[in-house]
Protein chains: 2
Amino acid sequence: MNPEETKPQKKSFKVQMLAARESAIIESVNRLLADKGFDAMTVDEVAAEVGIAKASLYKHFPSKEELACAAMVMAMQRAQAFIAQVPAEQAPLDKLKAVTRWTMTLKLQGQMPSLPSQNSSLRATLMGSKAYMDGLMEVSDALGGWIEQAQAQGSVNPSLPAVAVLYTLFARACDPVLEFLKMGEQHSDEQILDMVMSTCFDGLNAR
Amino acid sequence: MNPEETKPQKKSFKVQMLAARESAIIESVNRLLADKGFDAMTVDEVAAEVGIAKASLYKHFPSKEELACAAMVMAMQRAQAFIAQVPAEQAPLDKLKAVTRWTMTLKLQGQMPSLPSQNSSLRATLMGSKAYMDGLMEVSDALGGWIEQAQAQGSVNPSLPAVAVLYTLFARACDPVLEFLKMGEQHSDEQILDMVMSTCFDGLNAR
DNA sequence: GTCTATACTACGATAGAC
DNA sequence: GTCTATCGTAGTATAGAC
């Protein structure tokens, strides 16, 4: 093997290892963020779960905020991937329902990182992250387009501002009703999903 | 004045002062809890806002958790007071709507204390507080009764478990959609309330 | 019951050897 | 890039004088 082949391979291997470790870190952060939220999550916990020293974590990410931000970016990328995979031939309303159900499934499985609804240091970091904001915008644009189509064809209430519909769907990803019903242990995950989907799209009123 | 008259009056005055101070404390806690949440709220801030020393706070309440708990109990009592005042002749659905709209109004005005949705030390304290649990149960019973009546007469979807309806209404008190729409500054508080009431009871689908 | 001053702890972040 | 050890700070809670 000549150097021209060996060196790139070695470098690629190193980079791959680094990426693997970082994605393992992000995976742990994601779980902890879903479990306890940003404030309650400690950097020590993350380090312990990944199995490395805390100082090593800080070689990968400069702060706790950046750590959480990376997890949020990954979650956003997953959402983009799911959205891209929704069959184009489906009706706009069905596309919206598919995405909403998917996000709630993640939440029920404890894989949806939950950021604090209140203002915090994390908010600032997220707003300043190009990767996060780009992902958020792309997701918003995709859903916003479907919402407008659905309203145009009369399957979603056209008298609601599209942005209100968008926020309402986003909010399902952190809906406390999901965990409350799960805690009750009276219903399966599928039943819980069906109920919350029903209240979301059909409302509480009888039809 | 003989001692039999003077002493009770003095004591009553003292007690009244104490109660006034404590209610001032609780009021501050309520605001801070609504603004930043339990974790981000510091005891120093509470003391500073009330205008007394931190150590004095701890003479009134034994811990930060008890402080927040007292605020939650007061919020629950307010809810009970509102519920008791709802006209009995109204239809069950209208009663539910009135309470829901009232809670969301409080939230929009920054007067609804928000506890962490995740598990925390506060949860344990609340669960162990008889005053809080009694209030919660009374509110739940009142709303639960109205929900069953509304379902019986077909104004609320009878195929939903009553408890799912109850949780869905409770969740409106901490709905992030309210603040998101408020941040957008495109709509008045009344318009925001109308929109969220619509999505809650009528759903997103067109009718 | 109010204050000032302080003890104690948890946690984010860093230094420095390897 | 990994570790051990440590710093600095923020924040809950308490001691003790008045």
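Everything quoted here is computed from the prediction, not taken from an experiment. Below, chains carry the letters A, B, ... as their sequence lines are ordered, and counting in each starts from 1.
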Between [X] ([atom1]) and [N] ([atom2]), how many Å, whole number?
X	N	atom1	atom2	answer
Asp39(A)	dT12(D)	CG	P	13 Å
Met17(B)	dT2(C)	CE	P	12 Å
Lys54(B)	dA15(D)	NZ	P	15 Å
Lys14(A)	dG1(D)	NZ	P	7 Å
Leu57(B)	dA15(D)	CG	C1'	17 Å
Leu67(B)	dG11(D)	CG	P	15 Å
Glu66(A)	dG12(C)	CD	P	15 Å
Glu65(B)	dA13(D)	CD	P	6 Å

Would you indicate which nucleotide in [options] comes nearest to any side-chain atom of [X]?
X	options	result
Asp44(A)	dC3(C), dG12(C), dT4(D)	dG12(C)
Tyr58(B)	dT14(C), dC3(C), dA13(D)	dA13(D)
His60(A)	dT2(D), dA13(D), dT4(C)	dT2(D)
Thr42(B)	dC3(D), dG11(D), dA13(C)	dG11(D)
Ile52(B)	dC3(C), dA15(C), dA13(D)	dC3(C)
Lys59(A)	dT14(D), dG1(C), dT2(D)	dT2(D)

> Taking the six-membered ring for Trp, are Trp102(A) and Phe82(A) parallel (under 30°), tilted (30 to 60°) or perpendicular (over 60°)?
Replying inline: parallel
>> Need to verify one output field. Residue with the more 5' nearest nucleotide on DNA chain C, Ala53(B) or Ala40(A)?
In response: Ala53(B)
> Relative to the 5' end of DNA chain C, which residue comes earlier, Ser63(A) or Gly51(B), by the nucleotide with the nearest heavy atom?
Replying inline: Gly51(B)
> Is Lys64(A) touching bases, backbone alone, or none of the nucleic acid, heavy atoms closer than 4.0 Å?
Replying inline: sugar-phosphate
>> Just to be sure I understand the rule, does Met41(B) reach a base, reach only the sugar-phosphate, or reach nothing, if contact means heavy atoms closer than 4.0 Å?
In response: sugar-phosphate
>> Between Ser159(B) and Asn157(B), does the side chain to side chain donor-acceptor pair (under 3.5 Å) criterion hold? Intermediate values first, please.
In response: CA-CA 6 Å; Ser159(B) 66; Asn157(B) 184 353; 2.7 Å; yes
> Does any N or O in the side chain of Gln191(A) come within less than 3.5 Å of the main-chain N or O of Ser188(A), such that one atom is a donor and the other an acceptor?
Replying inline: yes
>> Below the 4.0 Å mark, does dG1(D) have OP1 or OP2 next to a side-chain nitrogen or oxygen of Ser56(A)?
In response: no
> dG1(C) phosphate, OP1 or OP2: any side-chain N/O from Arg21(B) under 4.0 angstrom?
Replying inline: no
>> As a test of understanding, state which of Ile147(A), Val139(A), Leu96(A) forms a side-chain contact (heavy atoms from CB on, under 4.5 Å) with Leu166(A).
In response: Ile147(A)
>> Under the criterion side chain to side chain donor-acceptor pair (under 3.5 Å), I'd like the reasoning laid out for Asn205(B) against Asp202(A): C-alpha separation, chi angles, the key distance, then a yes or no.
In response: CA-CA 6 Å; Asn205(B) 289 345; Asp202(A) 300 330; 2.9 Å; yes
